[in-house]
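Below is one structure, written out as structure tokens; comments come after it.
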Amino acid sequence: MPEVIIVKNEAEAGEIYARAVADLIKSKPDAVLGLATGSSPLAAYQALAKTVKDEDIDMSRVRGFALDEYIGLPLSHPESYHSTIHRTVVEPLGMNPDLVHVPGDVLDGAPLEDGDKLAHAGADYDAAIEAAGGIDVQILGIGTDGHVGFNEPGSSLASGTRIKTLVEQTRVDNARFFDDDIDQVPTHCITQGIGTIMRARHLVLLAFGAGKAEAVAQTCEGGVSAFCPASALQMHPHATIIVDEAAASSLRHKEYYQYAYTHKPAWQGI
Ligand code: F6R
């Protein structure tokens, strides 16, 4: 199962992610980062931006692939994941925008009915990731229902990037970005599949707050099931879950995870 690290707060989680990614980029200047939107990774991006500045790390060759995008939102929409990734990651980290890809980039707001554009977009995105040599570190958040990317419960654990239908709860959760109006939240998305995510060499999942506690417990200690897509991480050879106390509160082996991390030799990193 994934290594579980329990931290005080999002800032501490961010520092752990930033250290791992900064060291990666120093040894591999054209590293490939898997990027997520949402609130969970924000402190991690901020910590990485600070480390990049403090340690004068060259980001110009670092490449990026985002997890997902809404269908039907023009790239210029402030809540498109294209805009969000550029605002929260590309600009603060000083990445080359031409080297950062979001699955909807080629669609640019094309409607769901546009089969000519949509039918092959997922397979093309997976091929682009493979052509880049695969993702080195994929950052992930988790939905209250155990989704990762936009792989909702019931998603195939072997899936590639494809068009999916959002569940009502995810649209309710995300309405906060659309004037609290669920009717403005798109009904469909394009998302890296669980199979795509599992091919990344290192997965780092971040979860904070009591609302994520049940999903985190199912992910780490429940059975591997398409009904908790994040539980696929139990099958990954190098997955790290960083949670605060509230998100860790339903874990049965919480004390053991804390003990193991406290006694881990520093040379192992995460
Ligand atoms: C974002 C994504 C989603 C979010 C998840 C948690 O690109 O793919 O899986 O990571 O919905 O969202 P937050 O972090 O806002 O709680």
Side-chain angles (χ1 to χ4, degrees), residues 9-11 13-14 17 33-46 64-71 73 75 77-90 100-105 122 125 129 135 137-155 157 159 161-178 180 182 185-186 188-198 200 203-216 218-219 226 228-233 239-244 246-247:
N9 51 36
E10 299 185 33
Y17 167 83
L33 303 183
L35 305 168
T37 59
S39 47
S40 306
L42 291 177
Y45 297 143
Q46 281 160 13
F65 286 90
L67 279 173
D68 42 16
E69 178 61 283
Y70 294 113
I71 296 297
L73 280 193
L75 300 185
H77 190 289
E79 296 306 334
S80 76
Y81 285 180
H82 174 91
S83 297
T84 307
I85 287 289
H86 283 257
R87 189 171 60 238
T88 59
V89 185
V90 177
V100 179
H101 312 279
V102 181
D105 285 352
Y125 196 70
I129 293 174
I135 289 171
V137 180
Q138 174 67 59
I139 195 168
L140 298 166
I142 183 169
T144 50
D145 60 2
H147 73 232
V148 282
F150 272 141
N151 297 281
E152 302 284 18
S155 295
L157 300 184
S159 47
T161 302
R162 70 237 183 275
I163 310 298
K164 289 291 285 179
T165 314
L166 295 171
V167 300
E168 186 78 357
Q169 186 58 49
T170 300
R171 296 180 65 231
V172 169
D173 288 347
N174 290 3
R176 66 191 195 277
F177 300 115
F178 293 86
D180 282 324
I182 190 170
V185 185
H188 289 72
C189 62
I190 176 167
T191 179
Q192 282 191 32
I194 297 293
T196 312
I197 292 168
M198 292 289 282
L203 304 177
V204 180
L205 186 148
L206 305 170
F208 308 107
K212 301 288 174 75
E214 196 46 44
V216 166
Q218 284 301 319
T219 296
C228 177
S231 65
L233 269 67
T240 309
I241 297 195
I242 312 180
V243 290
D244 64 3

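In this chain, numbering begins with 1 at the start of the sequence shown. Counting convention: from 1, in listed order, for ligands and their atoms alike. This is a predicted model, so every value here is computed, not measured.
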Ala11: what forms a side chain to side chain contact (heavy atoms under 4.5 Å, CB included) with it, not counting sequence neighbours?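 Ala11 satisfies side chain to side chain contact (heavy atoms under 4.5 Å, CB included) with Asn9 once adjacent residues are dropped.
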Which ligand 1 atoms, with their elements, are less than 4.0 angstrom from a heavy-atom of [X]?
{"X": "Asp68", "result": "1 (C), 2 (C), 7 (O), 8 (O)"}
{"X": "Gly149", "result": "2 (C), 3 (C), 8 (O), 9 (O)"}
{"X": "Leu67", "result": "8 (O)"}
{"X": "Gly141", "result": "10 (O)"}

To the nearest 0.1 Å, how far is atom 16 (O) of ligand 1 from its closest protein heavy atom, and which atom is that?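 It is Lys212 NZ, 2.7 Å.
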For atom 1 (C) of ligand 1, what's the nearest protein heavy-atom neighbour? Residue, atom name and distance, please.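 Residue, atom and distance for the closest contact: Thr37 OG1, 3.1 Å.
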Sequence neighbours excluded, which residues qualify as side chain to side chain donor-acceptor pair (under 3.5 Å) partners of Ser159?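 Per chain and number, Ser159 pairs via side chain to side chain donor-acceptor pair (under 3.5 Å) with Arg162.
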Rounded to the nearest 0.5 Å, how far apart are OG1 of Thr88 and CG of Leu35?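 Answer for the OG1-CG pair, Thr88 versus Leu35, is 8.0 Å.
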Measure the acute angle between the ring planes of Tyr81 and Phe150, then classify it against the limits of 30° and 60° as parallel, tilted or perpendicular.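 Answer is parallel, since the angle falls under 30°.
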Side-chain donor-acceptor pair under 3.5 Å between Thr170 and Glu152, yes or no?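 Yes, side-chain donor-acceptor contact under 3.5 Å.
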Answer yes or no for Arg176: is there a heavy-atom contact with ligand 1 below 4.0 Å?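 In this structure, Arg176 qualifies as a contact of ligand 1 - some heavy atom is under 4.0 Å.
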Which bit of Ile142 is near ligand 1, meaning a heavy atom under 4.0 Å away: side chain, backbone, both or neither?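 Ile142 to ligand 1: backbone contact only, side chain stays beyond 4.0 Å.
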Compare every heavy atom of Cys228 with every heavy atom of Thr219, then report the nearest pair and how far apart it is.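 Smallest interatomic distance, heavy atoms only, reads OG1-SG, 3.6 Å.
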Indicate the atoms forming the closest heavy-atom contact of Tyr125 with His101, along with that distance.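 Where Tyr125 meets His101 most closely, the heavy atoms are OH-O, 3.1 Å.
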Below the 3.5 angstrom mark, is there an N/O of Tyr81, backbone or side chain, next to an N/O of ligand 1?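 No, Tyr81 has no N/O under 3.5 Å of an N/O on ligand 1.
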